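Comments concern the structure below.
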Amino acid sequence: MDVNALAFYVFAAITILASLGVVGQRNPMYSVMLLITSFGALAGLYVLLDAPFTAVTQIIIYAGAIMVLFLFVVMLLNVPREEPGLPGVLGALGTRGMQIGAVLSLVLGIEIVWALSRVGLGWFGQDAAATSVSSVTLIGKSLFTRHAFAFEATSILILVAMVGAVVIARRER
Amino acid sequence: MVMLPLIPLLPFLGFVVNAFVGRRLSKALSGGIACATILASFGLSVAAVWTVVSSHQAIEQTAFHWIASGELSIPFSFRLDSLSSVMILVITGIGSLIHIYSIGYMHEEPDGEYARYFSYLNLFAAFMLVLVLGASFPVMFVGWEGVGLCSYLLIGFWFRKPAAADAGKKAFVVNRIGDFGFILGMLILFVTFGTLDIQAVAAAAASTYAAETAGIGVITAATLLLFLGATGKSAQIPLYVWLPDAMEGPTPVSALIHAATMVTAGVYMIGRCAVLFSLAPVTLAVVAAIGTATALMAGTIGLVQNDIKRVLAYSTVSQLGYMFLAMGVGAYAAGIFHLYTHAFFKALLFLGSGAVIHALAGEQDLRNMGGLKKHLPITYWTFLIGALAIAGVPLLSGFFSKDEILWRTYTAHWPTFHSLLYGIGMLTAFLTATYMFRLVFLAFHGERRGDAHHGEHHAAGAHGHGLHDAPPSMAFALIVLAIGSIFAGYIGVPHALGGSNWIETFLHPAFLAPGAPHEAAAVHGDARTELLLMGLSAGLAFAGIGTAIYFWLRNPAAADAWSRRFGVLYRVLSNKYYVDEIYDASIVQPIKIISTGGLWKGVDAGGIDGAVNGVGFGVRTASGALRRLQTGSIRTYAASLFLGAVLVLGYYLYR
Amino acid sequence: MIPLNYYLILSGILFAIGTAGIFLRRNLITMLLSVEIMLNAVNLTFVAVGRYRGTVDGQIITFFVMTVAAAEAAVGLALVISLFRHRETLSPDAFTALKW
Amino acid sequence: MMLSLIVFLPLAGALLVLLAGGRGDRVDRDPLVRNIALAFSLATFAATLWLWWRFDPASADYQFIEQYSWIPAFGIQYFIGVDGISLFLLVLTGFLTPLALLSSWEVHKSVKNFAFFVLALETAMLGVFVSIDLFLFYVFWDAMLIPMYFLIGIWGYERRVYAAVKFILYTMAGSVLMLIAIIGLAWAHAGVTGAPSFNLMELYDVGLSPRAEFWMFLAFALAFAIKVPVFPFHTWLPDAHVEAPTAGSVILAGVMLKMGTYGLLRFAFPLFPTAALYFAPWLGLLAVIGILYGALVAMVQPDLKKLVAYSSVSHLGFVVLGLAATNIQGMQGAVYQMLNHGVSTGGLFMIVGMLSDRRHTRLISEFGGLKAVMPRFVAAFLVITLASIALPLTNGFIGEFLILIGAYKWNVTLTAAAASGVILSAVYMLWMFQRVNYGPVTNDKNRALPDLTPREWAMMVPTVAMCLFMGVFPNVFLKPMEPSINKVIDRVHSREGAVVKAPPASRIPEPATREAAAHD
Amino acid sequence: MTEYAAIIPITILALSAIAAMVAEAIRRPGERMPMAGFGIIGSAGAALASIFLWDTDAQSFGVIRSDNFALFINIVLCIVGVLTMLFSHETVERDEIPAGEYYALTLFALCGMMMMAAATDLLVIFVALEILSLAVYVLTGIRRGSAASAEAGFKYFLLGAFSSAFFLYGVAFAFALSGSTRIEEISGAFSSDGSAPPTLALMAVGLLAVGFCFKISAVPFHMWTPDAYEGAPTLVTAFMSTGVKAAAFAAFARVFLSPLEPLQDQWIPLLSAIAVVTMILGTVVGVVQTNIKRMLAYSSIAHAGYLMLGIIAANSTGKAAILFYLLTYAISNLGALGIVALLGSAQQQHDELRDFAGLWKSRPALAALMTVFLLSLGGFPPMAGFIGKWYIFSAAVQEGHYWLAIIAVLTSVVSVFFYLRIVVMMYMTEGTEVVRPRLPATAVAGLALATIAVFYLGVLPTRVIDLALASISTIF
């Protein structure tokens with residue numbers, strides 16, 4: 001059993017466990033932390049997938065920026081642990097919602113896994129064959145040629161997000 | 001050459017004038033117009049009939065083309081042959097007299113009503129003439145329904161009286177039942193022969209069909225349906241119920257419409273379709289049976305009625321029964337002959353009773369009359385003549401016609417059946433004499449019982465100062481009719497009495513298919529038997545009169561005694577066999593109940609509309625239920641979205 | 001060598017976990033986190049496929065997804081804040097004024 | 001061009017009325033508005049008479065044809081014309097609208113809009129009768145509902161909203177299915193010729209499979225049956241009639257109901273002859289049930305308007321029976337009966353309107369003895385009543401007689417049953433007439449009722465005159481319509497022999513071929 | 001230069017949006033500025049550009065294809081934009097909505113919509129989708145004062161994010177299958193020989209369908225719609241109910257009718273089922289609503305169902321019908337919701353059914369116009385809606401989808417019932433006299449335009465129908 005495999009299993013385990021932690025965790029603070037962990041593990045998987053650059057961005061942007069934003073908000077609103085479901089109808093609804101949702105998620109998981117396993121292992125004919133995709137140059141080229149428009153479009157996206165965030169979160173004058 | 005259309009048109013014009021400007025005219029003027037028009041039309045009729053008689057030709061004229069659709073083509077055409085000649089003379093002649101009579105009788109009415117009355121009367125005359133002159137079934141039907149309308153209007157003339165209004169409606173509706181048969185009959189004939197012209201139908205039928213001795217063939221069906229129409233119009237079982245009620249109308253109306261003319265339309269119609277009926281023995285048998293039964297039934301009822309007009313009404317029904325009997329045994333001429341004589345004496349009787357009522361300020365109950373002889377001499381004597389005539393006392397008009405019928409019945413084939421009919425006929429003759437003279441004695445003899453307190457508004461003027469006999473206009477009519485009642489019969493003196501029975505030979509061609517050989521109607525039996533039977537019936541007439549004398553003149557106590565002894569029978573008769581009640585309970589009420597409870601409230605509101613609104617309600621309920629899914633909880637929303645996704649994937653994976 | 005499917009299955013599982021988060025947590029912020037998990041699961045698919053297809057598109061898409069995730073996070077958190085201003089709570093069940 | 005002018009003349013009037021009415025509800029403008037509306041409706045009537053005058057009675061074809069391409073991509077045209085069948089329905093519409101306006105002269109609630117809706121309605125109705133293009137027909141058919149909806153809903157009586165909504169939904173539910181059938185027909189045409197078409201002339205020649213005919217006829221028939229209304233689909237009618245203002249009732253009974261029967265005659269029968277012959281007996285049966293049912297229910301109605309409404313169900317049963325007979329007398333009688341019913345029932349509703357104008361009630365029990373109070377009114381009432389119970393020499397008789405003849409040639413049993421309607425009609429009409437007009441004046445409120453006003457004379461005289469004229473000189477009308485009707489009959493019987501089996505209710509056949517649907 | 005031709009409309013909108021922001025930035029507090037002007041100019045400019053681009057089939061960067069299909073949608077979107085702006089002027093200030101941001105976001109949203117309609121790359125579609133979604137989320141929650149607005153915004157946002165994750169996953173599977181996100185390259189992979197389609201393909205189809213169905217608010221992905229429509233400021237409701245639908249359907253059609261077209265037999269049953277439940281639920285639940293915005297939300301769900309018939313029919317008629325229907329729906333719905341918005345006031349939205357009682361008396365003209373728009377939505381001739389409905393149904397019938405068509409027409413009858421409820425309120429119910437604000441001139445202009453359009457499309461649709469037919473030739 002070679003290193004790659006071992007690494008894969010380790011990272012996969014971490015990711016899954018961490019994610020489970022995120023959704024199983026009452027305290028949003030911990031959730032965020034755990035999520036960062038799982039992202040770290042994902043970054044590891046990216047490395048295994050010969051995508052170091054992506055791995056780095058994953059760490060820097062995702063774990064570094066976005067998650068910090070979350071953390072910031074959690075702090076700001078300062079709600080240490082979520083309050084138990086309201087009593088009465090809504091509460092009951094909530095719990096039933098939970099059950100339904102959990103069941104559905106399970107079903108979905110099974111569906112996807114089953115479907116993908118149905119796809120078959122050697123489905124790409126040759127495995128691990130292809131040319132290296134780790135080169136940042138390639139990525140850069142492709143990003144600014146093939147995906148130039150999408151790239152430009154994201155600028156609008158971000159602009160919208162900014163304006164939106166401002167207009168919503170801004171206190172009343 | 002006279003214009004046939006003018007004959008009905010003139011009274012119609014009278015109607016138009018009186019209907020539109022009548023209320024602005026004086027009584028004299030509107031009454032005058034009415035009489036003038038009908039008299040004029042009488043003159044025309046005489047002229048027309050003269051041409052027919054002299055030329056031995058039927059006149060046929062087309063006013064305009066009425067309906068055309070595909071192969072169906074109905075010209076609005078009139079036909080004057082021997083049969084219709086008799087009819088139009090009766091209608092216009094007696095009609096004129098009754099118009100004149102009315103001038104006096106209706107005099108107390110306010111101007112407007114007076115004009116309205118005469119307009120209706122004219123309209124009736126017009127329609128009646130259309131009926132008898134119509135050359136095709138639809139045109140005849142125009143008159144047929146038209147007279148029905150007029151009778152409706154005239155019966156309900158005093159519309160403020162609910163009874164009158166009811167009677168009018170009843171008359172119309174019952175007639176409608178008959179018309180239903182008439183229409184179907186027409187349909188059958190049209191579909192069978194492709195035409196509705198009476199002559200054409202007759203010709204086609206005679207040429208293509210043999211007599212349907214066995215089973216119900218097309219002709220039989222058609223004639224039976226037509227006969228249903230006749231029973232409605234001519235008040236035969238089962239549709240006679242409207243006629244007695246019709247007495248709610250003014251008495252001259254009863255005389256004209258419900259005695260002399262309209263009610264005989266059924267008889268006329270059968271005569272008109274004689275060719276067809278002859279081809280359907282079954283129908284003829286039915287006609288005869290119904291006629292006889294009606295005659296007897298009405299006679300018995302007439303025996304115990306106390307309303308002077310109702311007695312006459314039932315006697316009319318009974319006499320009509322005679323006519324149908326005649327038709328049924330194929331003695332068309334005899335039937336028409338009786339129709340013609342009956343028109344005289346029955347009109348006379350009604351007008352006489354009218355004079356009585358008029359004098360008594362609207363009193364109609366025999367029990368409150370009596371001893372009027374000395375007060376109303378003219379009325380009394382004329383009335384007496386009428387009574388004698390109808391009773392069949394020899395040498396008066398009624399005698400000849402009635403005897404002709406009985407004789408033909410006796411001599412007709414199907415021995416047993418016809419002898420039965422004959423027997424009943426004789427019995428009825430006896431009854432007729434009895435109740436007529438009961439009427440005479442109760443009304444005119446003895447001394448006055450009770451006084452007219454509850455009077456009809458229209459005669460209020462007559463109240464107060466003592467009884468006065470008929471005013472001139474009325475007296476004139478009475479006298480003319482009395483003369484008619486005596487001599488009218490002499491156009492039909494049977495061979496047995498050395499007469500030529502001219503009417504028979506005159507009418508005969510009208511009952512044959514066009515172009516058929518004119519052989520005289522075969523009469524079985526010999527002159528001696530005929531004379532014998534004549535004597536017998538005459539005897540019966542006198543017997544009837546005798547009975548009447550015994551019970552109601554000599555010792556009235558006996559009458560009451562008998563009526564008490566046969567209490568049940570008496571009650572049944574005086575309640576007219578409860579027929580009205582039976583009809584009401586068995587037909588009218590059920591229909592009302594079913595319509596209200598079953599159809600309207602049940603099927604309509606409950607069933608259909610219930611279903612419709614049910615759909616609406618269902619949608620609303622579903623809506624109310626489904627909107628609850630929208631709990632407002634974001635989790636539910638996500639769940640539904642998620643569920644959708646899972647289902648979609650599942651659909652793809654597990655298919 | 002790890003076959004592609006393992007990665008795909010892994011991402012599938014992550015995706016499912018993310019969806020579960022939406023329902024299990026009674027806290028708006030954690031719900032957002034769950035969405036992030038889902039997005040990352042998809043990212044993993046892209047990268048893996050790209051790797052096996054020998055194309056960098058997979059990674060590039062990942063970048064875009066990250067951007068989108070960032071934008072969503074910004075707006076989402078803003079909305080969370082304004083909600084919190086109105087109701088002083090983060091429980092999703094508290095916001096059911098609009099229904100039926 | 002002329003025909004279009006006639007069709008849209010009322011609409012022009014409607015718009016003008018809106019302008020003349022001014023902003024808001026200016027009561028001072030009401031007389032002006034009324035007169036403009038009346039003038040336009042009279043002009044329209046004159047124009048329809050002009051059509052009749054110029055109409056060539058000998059020809060069976062459409063005349064005054066106007067044909068412009070409208071939506072060429074789908075073979076939809078603005079294609080209108082008049083033939084012997086539609087001619088008199090146009091005249092009828094033109095005849096009744098002014099009377100309707102007169103009958104609601106006393107409306108004071110927003111006269112402007114009232115007149116607007118009536119005139120708009122008239123245009124829609126005229127449009128329905130002249131359309132030869134099915135799409136155009138449907139447009140008018142549906143557009144018609146809106147003004148009627150408002151007339152009932154705004155100017156109606158107590159339960160007007162319920163009645164209005166019921167009316168519009170009920171009618172729509174039927175007609176939308178017809179829309180589907182129309183579209184299917186167009187694509188069927190495309191399947192044959194490659195291009196869809198809504199032109200009636202061309203659609204005649206689409207050789208549909210019996211199954212397709214079966215379903216499409218059902219769709220058409222349902223729409224029309226609801227409009228007529230044929231027996232089980234009639235329950236919207238009493239409500240609509242009772243709640244509608246007089247003008248609404250007059251137009252509804254006078255013209256709108258005819259569209260159902262007109263549709264059967266013009267579209268359902270000739271388009272789907274095989275199915276038509278297959279369904280004719282059932283249609284006839286329903287018709288007869290309707291005749292008796294309507295009459296029986298009418299008999300026991302306490303409300304005058306309801307009574308007349310149910311009598312309409314009965315009368316239109318005759319019309320449908322005549323159509324089902326598909327022979328010349330039957331169909332001609334049917335068309336003639338449409339006209340009669342328009343005149344006489346329209347008249348009856350005007351009468352009821354006059355009564356409720358005076359007494360603000362329509363309960364029979366409220367009246368009685370009116371003959372003593374308002375004799376002229378009652379005289380008119382009488383004639384119209386007689387017309388509606390089909391007394392000879394009134395219009396009603398001609399229609400029913402022809403229908404019965406035609407029906408008898410086709411089916412004896414049904415005819416016999418139908419003929420008994422003759423009795424019932426007399427019963428309920430006369431009973432009503434008697435309770436309202438005869439007997440003593442029971443209700444003091446009735447003692448001082450005024451007789452006909454000049455305006456009401458203007459309504460009654462033409463109506464009564466028409467009742468009698470049509471009864472005495474029917475050929476004036478029968479002759480011009482005969483050729484067109486013969487044409488329809490020939491078409492219906494052209495495909496005799498082909499028998500329809502009821503298909504399994506599974507899926508409806510696909511008229512459109514795949515390549516017609518091929519996308520580029 | 002031609003390289004950039006295809007994105008000119010998008011660029012114009014983006015620039016005008018930025019202009020609006022700048023203006024907002026430089027305007028002194030309290031100073032009034034005709035912000036709507038930017039929007040109108042921008043939309044008009046984009047429309048103009050689209051018209052110039054007509055028939056050029058310009059393509060940019062290989063991912064934006066301004067073929068006539070996209071351009072038609074562009075024009076619809078521009079109409080939506082112009083009308084929204086016309087109604088917004090003064091109304092926005094009245095409701096104390098931050099004007100600059102409002103216009104900017106609206107324009108950005110429009111920009112994203114056009115992008116989405118023209119994109120031929122799943123990735124770009126995704127980005128565009130996010131642009132317009134984020135903008136609309138924010139617009140929904142933009143009334144900071146109202147809790148309802150915020151709640152609506154968040155619900156819409158969270159579900160949107162959730163669903164876009166699904167969509168993205170679908171893209172991922174498509175990518176996995178073909179190694180690309182470009183439509184033309186994908187289609188090769190999907191149109192593999194007649195053998196059973198690979199599981200991944202099916203997964204992709206399913207997940208993409210989920211994503212689109214959420215955006216067009218088809219059942220069971222519709223749940224956000226009523227809440228979002230009710231909570232959002234009325235004008236935003238009008239905007240998103242029409243614009244988002246148009247864009248989403250454009251992309252929906254483009255994706256399902258070109259690359260996924262080979263899998264027709266796989267997705268037609270699926271979409272048919274969804275369409276049926278959508279039509280039924282939309283109309284049925286609409287019946288009992290008492291809030292007009294909510295009622296129209298359900299009606300828009302139903303209309304989504306009708307529109308899906310066009311995709312299901314999957315023939316040229318269907319494609320053209322979608323375009324035409326979107327146009328008629330946009331105009332009618334904007335008109336109706338526009339009137340609702342105009343009747344509101346700063347304090348009170350007046351969007352409850354009872355608020356319309358007696359409108360006929362107090363505002364006859366508005367009532368009449370409202371009626372026109374509602375009847376158009378209900379599909380009555382001679383309004384535009386009728387032609388739209390007829391068009392879409394005839395597409396379905398052409399393919400023999402009779403049952404779908406029948407369900408559609410029957411549900412449309414039901415829908416008429418609740419449209420008429422409003423009419424009944426306005427005309428047949430005596431109303432308590434609420435104070436009605438005066439109409440800004442721009443709004444009057446907008447209503448006039450909408451009315452004219454409704455009748456033009458209803459009576460003389462020929463031109464536009466031919467245009468629509470001409471626009472579909474290029475979605476391969």
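Just so it is clear, the structure is predicted and the values come from calculations on it, not from any experiment. Proteins get letters first, then strands, A, B, ... in listed order; numbering begins at 1 in each.
- With respect to chain A, the highest number of heavy-atom pairs below 4.5 Å among E/I64, E/I7, E/V63 belongs to E/I64.
- Between E/L200 and A/L116 the shortest side-chain heavy-atom distance falls below 4.5 Å.
- With a threshold of 4.5 angstrom between heavy atoms, A/A153 approaches chain E through its backbone and through its side chain.
- The line from CG of E/L134 to CG of A/L159 is 11.5 Å long, rounded to the nearest 0.5 Å.
- Proximity to chain A (any heavy atom under 4.5 Å) is restricted, for E/I18, to the side chain, taken from C-beta onward.
- When all heavy atoms of E/V124 and A/A150 are compared, the closest pair comes out as CG2-CB, 4.2 Å.
- Atoms CG and CD1, from E/L107 and A/I156 in turn, are 11.5 Å apart once rounded to the nearest 0.5 Å.
- Side-chain atoms of A/R146 never come within 3.5 Å of backbone atoms of E/G62 as a donor-acceptor pair (strictly under, hydrogens ignored).
- Contacts of E/L132 with chain A are absent, with no heavy-atom separation under 4.5 Å from either backbone or side chain.
- To the nearest 0.5 angstrom, A/E152 atom CD is 10.5 Å from E/T11 atom OG1.
- At a threshold of 4.5 Å between non-hydrogen side-chain atoms, the residues E/E130 and A/T154 do not count as touching.
- Within 6.0 Å of the CD atom in E/E96, the count of heavy atoms belonging to other residues, nucleotides or ligands does not exceed 12.
- Both the backbone and the side chain of E/A135 come within less than 4.5 Å of a heavy atom of chain A.
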Between A/F149 and E/D121, does the side chain to side chain contact (heavy atoms under 4.5 Å, CB included) criterion hold? Intermediate values first, please. CA-CA 10 Å; A/F149 183 79; E/D121 181 332; over 6 Å; no

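- Contact of E/F173 with chain A is made through the side chain alone, with heavy-atom distances under 4.5 Å.
- Considering only heavy-atom pairs separated by less than 4.5 Å from chain E, the leading option among A/I158, A/T145, A/V166, A/V163 is A/V163.
- Between A/R170 atom CZ and E/E101 atom CD the span is 4.5 Å, to the nearest 0.5 Å.
- Taking CD1 from A/I168 and OG from E/S149, the interatomic distance works out to 7.0 Å, rounded to the nearest 0.5 Å.
- With a 4.5 angstrom heavy-atom cutoff, E/Y169 touches chain A only via side-chain atoms.
- Using a 4.5 Å cut-off between heavy atoms, E/L105 touches chain A through its side chain atoms alone.
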